[in-house]
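Down below is the structure, laid out as structure tokens.
We count ligands from 1, going down the list as the structure has it; atoms in each ligand are counted the same way.
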Amino acid sequence: MRTVAEKQADGGYMLNGAKNFITHGISGEVAVVIARTGELLDSHGMTAFIVERGDEGFRGGKKEDKLGMRASETAEIIFENCYLPADRVLGEVGEGFIQSMKILDGGRISIAALSLGIAKGAMDAALAYSKEREQFGKAISRFQSIAFKLSDMATEIEAAELLTRNAGRLKDAGEPVTRESAMAKLYASETSVRVANEAVQIFGGYGFTKDYPVEKYYRDCKLCTIGEGTSEIQRLVISRTLLK
Ligand SMILES: Cc1cc2nc3c(=O)[nH]c(=O)nc-3n(C[C@H](O)[C@H](O)[C@H](O)COP(=O)(O)OP(=O)(O)OC[C@H]3O[C@@H](n4cnc5c(N)ncnc54)[C@H](O)[C@@H]3O)c2cc1C
């Protein structure tokens, strides 16, 4: 966390620094930026600010050339003496880290749902293709090795959906959801990677082409195991709730 917000005499803040891998870093109109207002690694040393496109000293930087999710740009954002009046502080000074953790609890349910959507898209495409494509005189869905792939895909999707819906239900009820959202995100994102991988396999050679949608699902789903905390970080979050 190297972006620093220095308090000014009039109560406003001056931001300096940069952030990488920001969704819509070039096209987005508004950003919520967590910057240091205290010591590094102090959980009360960070504050959330609202930054608007057009604010002096704020600009987008390098756009990443990504494997997937290419319809949504990801870019650096840069702050060079970017002055923000005091009313751009979101919530309380020093609460940025705590706010981030709360937002991530909800955001992870969204990533779980996104993963689930990709997995279902890949499943639907693979199921339809397996009934249509014939080899050795019969539909490939009639080969047990293909049918069992479909069984595993459907079972994992069902489990991922139940975890995701459970986390959503707890969130709606205002219950703590840190562990459940991490479990849903971990399982659903890893499921989407496994399912998209098998979907490409079921399509055979066509799975490796852009004639069918599964190669896109295969590329897009990988982000879900990385963004909003990697699978390793989800395991860290889950284990902390178990071991504390
Ligand atoms: C397309 C895209 C869009 C994004 N959009 C945004 C955005 O809008 N806003 C935003 O703030 N961020 C965004 N991100 C950033 C994203 O949240 C991070 O990339 C992600 O959290 C991983 O952090 P990192 O890249 O620093 O990986 P690193 O932390 O460098 O991790 C590298 C590897 O080390 C492992 N690792 C790291 N620490 C630990 C640990 N303590 N224990 C075990 N393993 C560990 C990781 O799991 C991973 O396998 C985006 C990223 C991408 C790719």
Side-chain angles (χ1 to χ4, degrees), residues 1-5 15-37 40-41 43 45-53 55 58-79 82 84 88 90-91 95-118 178-179 181-194 196-197 215-244:
M1 176 73 70
R2 297 211 185 111
T3 297
V4 171
L15 262 66
N16 276 290
K19 287 179 180 284
N20 289 325
F21 289 113
I22 302 304
T23 300
H24 305 159
I26 294 169
S27 65
E29 287 296 319
V30 183
V32 175
V33 175
I34 315 284
R36 269 173 53 201
T37 44
L40 187 63
L41 300 183
S43 61
M46 297 164 217
T47 301
F49 295 90
I50 298 169
V51 184
E52 292 178 5
R53 190 70 55 196
D55 283 342
F58 169 50
R59 63 185 170 91
K62 182 187 160 229
K63 180 179 164 184
E64 301 298 338
D65 188 7
K66 296 180 297 183
L67 169 72
M69 296 287 186
R70 293 177 64 88
S72 155
E73 111 255 350
T74 305
E76 187 184 24
I77 53 176
I78 298 166
F79 308 95
C82 174
L84 300 174
R88 294 289 194 84
L90 186 61
E95 294 300 296
F97 179 74
I98 289 114
Q99 290 167 327
S100 303
M101 292 302 108
K102 282 189 192 152
I103 292 292
L104 282 172
D105 280 351
R108 285 172 182 158
I109 306 175
S110 310
I111 302 292
L114 168 59
S115 309
L116 201 50
I118 297 173
T178 302
R179 174 166 54 190
S181 65
M183 284 176 167
K185 199 266 189 193
L186 170 64
Y187 191 78
S189 63
E190 294 291 344
T191 293
S192 73
V193 171
R194 283 192 295 271
N197 181 44
E215 70 82 33
K216 183 176 188 302
Y217 298 143
Y218 183 73
R219 290 184 292 107
D220 285 351
C221 67
K222 190 58 198 162
L223 173 66
C224 299
T225 69
I226 297 170
E228 303 236 1
T230 60
S231 291
E232 290 75 17
I233 295 300
Q234 304 314 314
R235 290 187 174 95
L236 193 76
V237 170
I238 297 163
S239 65
R240 277 185 183 156
T241 69
L242 297 172
L243 299 169
K244 77 174 176 191

- Task: Taking atom types as modelled, find out whether Thr241 and Lys244 have a side-chain donor-acceptor pair closer than 3.5 angstrom.
- Result: no
- Taking atom OH of Tyr218 as the centre, does the number of heavy atoms from other residues, nucleotides or ligands within less than 6.0 Å exceed 12? no
- Query: Which of the atoms of ligand 1 are close to Glu228, meaning less than 4.0 Å from one of its heavy atoms?
  - Reply: 17 (O)
- Is atom 34 (O) of ligand 1 less than 4.0 angstrom from at least one protein heavy atom? no
- Contact bool for atom 28 (P) of ligand 1 (protein heavy atom, d < 4.0 Å): no
- Query: Given the protein's heavy atoms, is any one of them under 4.0 Å from atom 31 (O) of ligand 1?
  - Reply: no
- Task: Classify the contact between Leu223 and ligand 1 as side chain, backbone, both or neither, using a heavy-atom distance cut-off of under 4.0 Å.
- Result: side chain
- Arg70/Asp65 salt bridge by N-O under 4.0 Å criterion: yes
- Using a distance threshold of 4.0 Å (strictly less than), state whether atom 7 (C) of ligand 1 has a protein heavy-atom neighbour. yes
- Starting from the C-alpha separation in whole Å, work towards a yes-or-no answer on side chain to side chain contact (heavy atoms under 4.5 Å, CB included) for Glu52 and Asp55. CA-CA 6 Å; Glu52 292 178 5; Asp55 283 342; 3.8 Å; yes
- Heavy-atom closest pair (Arg53 atom, Arg59 atom, distance to 0.1 Å) is NH1-C, 4.4 Å
- Task: Heavy-atom contacts with Ile22 under 4.0 Å: which atoms of ligand 1 show up? List them by number with element.
- Result: 7 (C), 8 (O), 9 (N), 10 (C), 11 (O)
- Query: For atom 22 (C) of ligand 1, is the nearest protein heavy atom closer than 4.0 Å?
  - Reply: yes
- Task: Evaluate side chain to side chain contact (heavy atoms under 4.5 Å, CB included) for Phe49 paired with Thr37, printing each intermediate quantity in order.
- Result: CA-CA 11 Å; Phe49 295 90; Thr37 44; 4.1 Å; yes
- So which heavy atom in the protein is nearest atom 12 (N) of ligand 1, and how far is it from that ligand atom? Phe21 O, 3.5 Å
- Query: Should one rank Thr230, Thr23, Ile233 by closest heavy-atom distance to atom 5 (N) of ligand 1, which comes out on top?
  - Reply: Thr23
- Any protein heavy atom < 4.0 Å from atom 17 (O) of ligand 1: yes
- Do other residues, nucleotides or ligands put more than 12 heavy atoms under 6.0 Å from the CD1 atom of Ile50? yes
- Task: Verify the contact flag for atom 44 (N) of ligand 1, where contact means a protein heavy atom under 4.0 Å away.
- Result: yes
- Query: Which one of Ile226, Leu236, Thr74 has a non-hydrogen atom at the shortest distance from atom 19 (O) of ligand 1?
  - Reply: Ile226
- Task: Determine, considering heavy atoms only, which of Glu232, His24, Lys222, Gln234 sits nearest to atom 49 (O) of ligand 1.
- Result: Glu232
- Residues, nucleotides or ligands: over 12 heavy atoms within 6.0 Å of Lys66 NZ: yes
- Query: Would Arg235 and Ser231 satisfy side chain to side chain contact (heavy atoms under 4.5 Å, CB included), going step by step from the backbone distance to the final call?
  - Reply: CA-CA 6 Å; Arg235 290 187 174 95; Ser231 291; 3.8 Å; yes
- Mark whether atom 14 (N) of ligand 1 lies under 4.0 angstrom from at least one protein heavy atom. yes
- Between the main-chain N or O of Lys102 and the side-chain N or O of Asp105, is there a donor-acceptor pair closer than 3.5 Å? no
